[in-house]
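Just so you know, these numbers come straight off a predicted model, no measurement behind them.
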Amino acid sequence: MSTQAEIVALYPNRPLAGQKALVTGANSGIGEGVARHLAAAGAAVAVNYVVQPDVAQAIVDDIVAHGGEAMKTSANVGNEAEVLAMFDEVIKQFGTLDILVNNAGLQRDSALVDMTMDQWNLVINVNLTGQFLCARSAIREFLRRGPNPAVSLATGKIIHMSSVHEVIPWAGHVNYATSKGGVNMMMKSIAQEVGKHKIRVNSISPGAIKTPINVSAWSTPEAEAKLLTLIPYDRVGVPDDIGKAAVWLASDASDYVTGTSLYVDGGMTLYEGFATNG
């Protein structure tokens, strides 16, 4: 991932200036990248975490040291009471919320015949129910505040973090793929419901991104070479790729975009195995 100074240099016009954002699962990987990019683009950012508060604080401190505004906030997004308390805390400190990035997620991989109810329920609860709970709270705040065209053309923006596995089946990861398929239809249904309020709801669906959750897939030259056989663009993504996409989706530059899943995947959804006729 780029340094905060390098990220700040990408956004001299600060397209998100004056806006307030919450990024769930933001103390590592994609969430950290998104939080850093939103802050560099001018948003005040709440960095949500469940574990390692010192890591979350270090991200906050780095953002602030480079001219941004940030806070940390703890919540398990699958717990309704904790989500409600987190939104109360963020809105109390920031005054309102303009952007939610529903990023928190996890994997508990297993062959279907060996998958336990705990593995199934945990993934569905965090990856799908957690996004529902956070989206509900964000939309309540957007509706309470109403539009503020001086800050943003949209009344509010939600970015769900999905995956290429909302459309690509993934044997051995049935719980994860199911959760992301659910995120896709949830996003579209919410976008349809709240569009009349000028609330925009979209998803980013990453492909292979170098993060701690999938380190074994890219950490050795052999593993990375195998992964690249799935990616037409011939490189593995990094959190900066997702951060840049999130800034665009959160900005007025994408004001006519809602109900869309943006695949940031180097072409993984093109099914590279068929490039040579399968």
Decide side-chain contact (heavy atoms from CB on, under 4.5 Å) for V34 and L38; before the verdict, give the C-alpha distance in whole Å, the side-chain angles of both, and the deciding distance to 0.1 Å.
-> CA-CA 6 Å; V34 169; L38 295 183; 3.9 Å; yes
From CA spacing to verdict: side chain to side chain donor-acceptor pair (under 3.5 Å), S110, D114 = CA-CA 6 Å; S110 171; D114 299 319; 5.1 Å; no
Measuring only between side-chain heavy atoms, which start at C-beta, is [X] closer than 4.5 Å to [Y]?
| X | Y | result |
| --- | --- | --- |
| T96 | F142 | no |
| F132 | M186 | yes |
| E32 | P239 | no |
| S28 | V55 | no |

State the [atom1]-[atom2] distance between [X] and [Y], to the nearest 0.5 angstrom.
| X | Y | atom1 | atom2 | result |
| --- | --- | --- | --- | --- |
| S261 | H160 | OG | NE2 | 10.5 Å |
| K244 | L249 | NZ | CG | 15.0 Å |
| L16 | S152 | CG | OG | 8.5 Å |
| I158 | L97 | CD1 | CG | 9.0 Å |
| S251 | I99 | OG | CD1 | 9.0 Å |
| S162 | N103 | OG | CG | 11.5 Å |

When hydrophobic residues are tied together by side-chain contacts of less than 4.5 Å, even through go-betweens, does [X] share a cluster with [Y]?
| X | Y | answer |
| --- | --- | --- |
| L230 | Y271 | yes |
| F94 | I199 | yes |
| M185 | V183 | no |
| V164 | I242 | no |
| M161 | M187 | no |

Considering only distance and modelled atom types, tabulate donor-acceptor pairs under 3.5 Å from the side chains of residues 45-54, sequence neighbours left out.
{"unit_1": "N48", "atom_1": "OD1", "unit_2": "G25", "atom_2": "N", "d": "2.9"}
{"unit_1": "N48", "atom_1": "ND2", "unit_2": "T73", "atom_2": "O", "d": "3.3"}
{"unit_1": "N48", "atom_1": "ND2", "unit_2": "A75", "atom_2": "O", "d": "3.2"}

Could you give me the CA-CA distance, side-chain angles and deciding distance for R200 and T155, then say whether side chain to side chain donor-acceptor pair (under 3.5 Å) is met?
-> CA-CA 8 Å; R200 297 197 295 109; T155 302; over 6 Å; no
Expected output: side-chain [X] to main-chain [Y] donor-acceptor under 3.5 Å:
| X | Y | answer |
| --- | --- | --- |
| D265 | T269 | yes |
| S203 | S205 | no |
| D240 | G33 | no |
| H197 | G195 | no |
| K196 | E193 | yes |
| E272 | T229 | no |
| T260 | V257 | no |
| N175 | V123 | no |
| N13 | P15 | no |
| N102 | Q131 | yes |

Taking all atoms of both residues into account, what is the closest heavy-atom pair of [X] and [Y], and its distance?
| X | Y | result |
| --- | --- | --- |
| G237 | D241 | CA-OD2, 3.4 Å |
| D252 | A154 | OD1-N, 4.4 Å |
| I209 | V238 | CG2-C, 3.5 Å |
| N202 | G259 | OD1-N, 3.2 Å |
| A104 | T24 | N-OG1, 2.9 Å |
| A208 | I231 | CB-CD1, 4.0 Å |

Can you find a side-chain donor-acceptor pair between [X] and [Y] that sits under 3.5 Å?
| X | Y | value |
| --- | --- | --- |
| E166 | Y263 | yes |
| K157 | Q19 | yes |
| R108 | T116 | no |

Ion pair [X]/[Y], N-O distance below 4.0 Å:
| X | Y | answer |
| --- | --- | --- |
| K92 | E89 | no |
| R145 | D98 | yes |
| R136 | E80 | yes |

Would one find more than 12 heavy atoms of other residues, nucleotides or ligands at under 6.0 Å from atom OH of Y233?
-> no
By ring-ring contact (aromatic ring centres under 6.0 Å, His included) - contacts of W248 (at least two apart) | none
Specify whether W170 and H165 have parallel, tilted or perpendicular ring planes, treating 30° as the upper limit for parallel and 60° as the lower limit for perpendicular.
-> parallel
Going through the checks in order, is the side-chain contact (heavy atoms from CB on, under 4.5 Å) test met by E69 and I63?
-> CA-CA 7 Å; E69 181 180 354; I63 288 171; over 6 Å; no
Please test Y11 against H37 for side-chain contact (heavy atoms from CB on, under 4.5 Å), starting from the C-alpha separation and ending with a verdict.
-> CA-CA 9 Å; Y11 305 105; H37 278 261; 2.8 Å; yes
Just do the side-chain contact (heavy atoms from CB on, under 4.5 Å) check on N125 and W120 with the steps written out, would you?
-> CA-CA 9 Å; N125 187 52; W120 173 267; over 6 Å; no
Partner of D62 under side chain to side chain donor-acceptor pair (under 3.5 Å), chosen from R36, Q4, Q57 | R36
